[in-house]
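Just so you know, these numbers come straight off a predicted model, no measurement behind them. First the proteins, then the strands, lettered A, B, ... as listed; each starts at 1.
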Amino acid sequence: MTEIGFTELTVIISAVLIFFSIVFGIVRLVIGPDTVDRVVAIDLLTIVTIALIALLAHQAERYIYLDVGLVYGLLSFLGVLAVARYLEGGL
Amino acid sequence: MIKRIIIFIMLGLMAMIFFNLASNYVENESLLKLGRYYAEKGPQELGAPNLVTAVVVTYRGLDTLGEVTVLFISAAGVGLLLRRTRRKQNDEDLEKADRREERAGVHKPASEIVETATQLLLPMVILFGIYVFINGHLSPGGGFQGGAIIASGTMFLLLALPESHISRILIAVTESLSGFSYVVIGVLGVILAGGFLDNRILGLGEYGDLFSAGAIPLIYCFIGLKVGFELSAVLDRFRKDDTGPEKT
Amino acid sequence: MYISILVLLTLVLCAGILLSALLAVILKNNVGAIVSAGLASLFASVVYVVLAAPDVAMTEASIGSGLTTMIFLYAIRKTQGIDTTSRENK
Amino acid sequence: MIPDIPISLIALCCGLALILIGLWGMLTQRNMIRIIIGFSLIDTGIHMVMVSIGYVTGGTAPIINDSVPLAEAVKRIVDPVPSALVLTAIVIGLGVTSVMLSFAVRIYKARKTLMIDELTESKL
């Protein structure tokens with residue numbers, strides 16, 4: 001096997017971690033018996049997705065993709081807040 | 001039961017069509033003719049690094065004008081369908097009624113954490129929206145995305161402070177002014193440059209600068225303001241609590 | 001190696017899209033269905049980043065996944081009442 | 001290892017399957033809100049199909065700056081035209097969805113139901 005540099009190793013490990021996080025998040029989404037469980041799963045998936053976009057920006061060597069991650073950071077707060085306010089009856 | 005069989009057969013037929021489409025699909029190895037033209041000529045002609053922006057604002061600018069019109073019509077349709085059934089047609093009267101309703105406290109107030117976080121975050125969200133549509137020609141983003149982010153800021157405000165009041169008159173004035181300016185810039189393109197919505201009425205500037213690419217940042221600012229205020233108006237319409245039975 | 005990782009991630013994302021779309025159709029609970037449809041949009045926008053279209057990804061994230069969910073939530077708040085969830089999937 | 005499937009083929013198949021799922025939801029559900037959810041799923045599926053058709057092998061975003069110089073642009077970028085079309089289609093999708101939802105709210109106000117089975121007077 002050829003020698004793998006530190007950056008490549010980091011990329012591979014983070015890709016594996018993101019992969020498993022997405023899988024576990026989807027499992028929680030599917031089996032979650034209540035809406036609150038699903039909302040928590042969606043919050044997790046949004047945060048993991050920001051990491052995935054940063055990884056993709058590094059892998060494609062286009063750092064302008066990071067702007068998309070900023071929008072996600074906004075949404076991860078907004079979406080959960082909206083559903084939570086709906087469930088407590090304040091929307 | 002018969003209905004289910006018919007649905008099943010129909011979905012099966014569509015799946016067959018889609019399977020044919022997907023099995024004959026070959027990934028493009030190079031750009032098609034139109035895309036190649038835009039990639040070769042776009043940066044010199046218009047001075048915009050983001051080719052999607054160049055296509056949306058200038059090459060297909062008339063489509064975008066039509067699309068903004070469609071959005072305006074749908075916002076007006078939502079306003080028409082969810083209008084008050086009272087006899088007060090006057091804007092001031094409606095606003096007074098809104099204020100009364102909001103003082104009466106129809107909505108449950110948010111917790112203190114949410115309120116504080118929103119007061120901290122709201123200016124930054126609006127600033128981010130403005131960043132997105134001013135930099136539309138340099139980085140991904142543009143008027144539609146920036147407008148949607150500004151509408152998300154409105155959404156934050158409505159979620160955290162349900163008693164807050166959004167002025168109908170401000171929305172109407174801003175929306176009309178930005179739409180009007182958009183069309184005026186388009187007509188100026190006919191007079192001063194090559195055609196409707198031509199961006200070369202201003203100098204192209206240095207390639208990659210903030211103030212470059214002619215009128216593209218200006219046009220995207222107007223589109224962003226228009227889309228942002230329209231979507232805010234749609235959200236405000238959906239928020240108003242008048243679920244009582246309709247009097248006819 | 002990179003290419004295989006990318007293909008794998010795309011496969012997982014597409015599986016996520018299809019699963020959440022199925023949930024959006026199957027679930028009895030309206031709020032759960034709306035949230036699942038929003039998640040399908042969210043994953044679709046990551047697929048757009050993989051397909052090198054960041055403009056579309058930004059639009060889909062802010063409009064398809066953000067504002068559409070809000071408008072759906074407002075609409076079901078306004079239509080809560082006698083029989084919104086009682087007789088589905090007859 | 002994993003077979004080397006083109007990325008755009010995966011996205012294309014996913015978009016087509018999404019269209020089928022949304023259509024199934026639209027045809028089988030009886031609640032108006034669920035029908036509109038099916039419509040928005042179809043919308044997302046069509047956008048995925050259009051974007052994946054514009055993909056070029058190994059392409060990068062059509063934004064020409066320091067990392068993609070002008071001379072190499074034609075060989076490296078993806079097609080900007082489908083991106084621009086989808087960009088406008090998403091915004092129009094939101095407009096159409098909000099008009100449909102306001103119709104649903106209006107029908108609910110008038111008839112106190114969202115089930116399409118009970119709105120029979122327009123049936124022949």
Side-chain angles (χ1 to χ4, degrees), chain C residues 1 3-8 10-11 13-15 17-18 20-22 24-27 30 33-34 36-38 40-41 43-45 47-60 62-65 67-68 71-72 74-76 78-90, chain D residues 1-5 7-8 10-11 13-15 17-18 21-22 24-25 28-34 36-38 40-41 43-45 47-48 51-52 54-56 59-63 77-78 82-84 86-87 90-91 93-94 97-98 101-102 104-105 108-109 112-115 117-118:
Chain C
M1 190 72 190
I3 298 297
S4 318
I5 290 175
L6 208 60
V7 169
L8 201 64
T10 317
L11 278 174
L13 288 172
C14 287
I17 291 174
L18 294 181
S20 42
L22 273 177
V25 174
I26 291 171
L27 280 182
N30 269 343
I34 288 166
S36 304
S41 261
F43 277 144
S45 100
V47 175
Y48 296 150
V49 175
V50 175
L51 291 176
D55 291 86
V56 186
M58 220 176 200
T59 320
E60 181 80 39
S62 59
I63 291 182
S65 167
L67 289 177
T68 310
I71 292 181
F72 268 114
Y74 272 133
I76 63 165
K78 284 191 148 219
T79 55
Q80 264 173 351
I82 311 160
D83 59 355
T84 42
T85 51
S86 57
R87 268 169 295 152
E88 286 162 27
N89 294 323
K90 211 179 338 183
Chain D
M1 281 302 284
I2 312 132
D4 208 10
I5 320 165
I7 301 170
S8 61
I10 303 173
C13 295
C14 180
L18 202 55
I21 291 174
W24 177 55
T28 49
Q29 297 286 333
R30 287 279 162 265
N31 187 334
M32 249 180 269
I33 300 272
R34 309 302 292 270
I36 301 171
I37 290 177
S40 74
L41 287 180
D43 224 25
T44 311
H47 299 155
M48 279 188 79
V51 171
S52 64
Y55 186 71
V56 177
T60 179
I63 298 170
I77 64 170
V78 301
S83 297
V86 173
L87 194 76
I90 291 173
V91 183
L94 175 68
T97 310
S98 57
L101 280 172
S102 53
V105 169
Y108 180 80
K109 266 199 233 166
K112 289 283 160 210
T113 180
L114 279 175
M115 300 291 156
D117 290 332
E118 296 172 16

Q. Where on L87(D) is there a heavy atom nearer than 4.5 Å to chain C: the side chain, the backbone, both, or neither?
A. both
Q: Identify which part of I36(D) has an atom lying under 4.5 Å from any heavy atom of chain C, answering side chain, backbone, both or neither.
A: both
Q: Please name the pair of heavy atoms, one in H47(D) and one in Y48(C), separated by the smallest distance, quoted to 0.1 Å.
A: CB-OH, 3.2 Å
Q: Flag the one option from V78(D), L41(D), T60(D) with the top tally of heavy-atom pairs under 4.5 Å to chain C.
A: L41(D)
**Q.** Intermediate values then yes/no, side-chain contact (heavy atoms from CB on, under 4.5 Å), T97(D) and I71(C)
**A.** CA-CA 9 Å; T97(D) 310; I71(C) 292 181; 5.9 Å; no
(Q) Restricting to non-hydrogen atoms, name the atom on A53(C) and the atom on V51(D) that form the minimum distance, rounded to 0.1 Å. (A) CB-CG1, 4.2 Å
Q) Which bit of L13(C) is near chain D, if near means a heavy-atom gap under 4.5 Å: side chain, backbone, both or neither? A) neither
Q: Select one option (side chain, backbone, both, neither) describing which atoms of V56(C) are under 4.5 Å from chain D's heavy atoms.
A: both
(Q) Could you tell me if the side chain of L101(D) sits less than 4.5 Å from the side chain of K78(C), heavy atoms only? (A) no
Q) Can you name the closest pair of heavy atoms from A11(D) and C14(C) and give their distance? A) CA-SG, 4.4 Å
Q: Rounded to the nearest 0.5 Å, what's the gap from CD1 on I34(C) to CD1 on I37(D)? Could you check?
A: 4.5 Å
Q: Could you check if a side-chain atom of M32(D) sits within less than 4.5 angstrom of a side-chain atom of T79(C), using non-hydrogen atoms only?
A: no
Q: Using the side-chain contact (heavy atoms from CB on, under 4.5 Å) rule, take T44(D) and I17(C) through it: C-alpha gap first, then chi angles, then the decisive distance, then the call.
A: CA-CA 10 Å; T44(D) 311; I17(C) 291 174; over 6 Å; no
Q.
Using side-chain contact (heavy atoms from CB on, under 4.5 Å), reason through Y108(D) and I76(C) one step at a time and then give a plain yes or no.
A. CA-CA 10 Å; Y108(D) 180 80; I76(C) 63 165; over 6 Å; no
Q: Spell out, as yes or no, whether a donor-acceptor pair under 3.5 Å connects the side chain of R34(D) to the backbone of A24(C).
A: yes
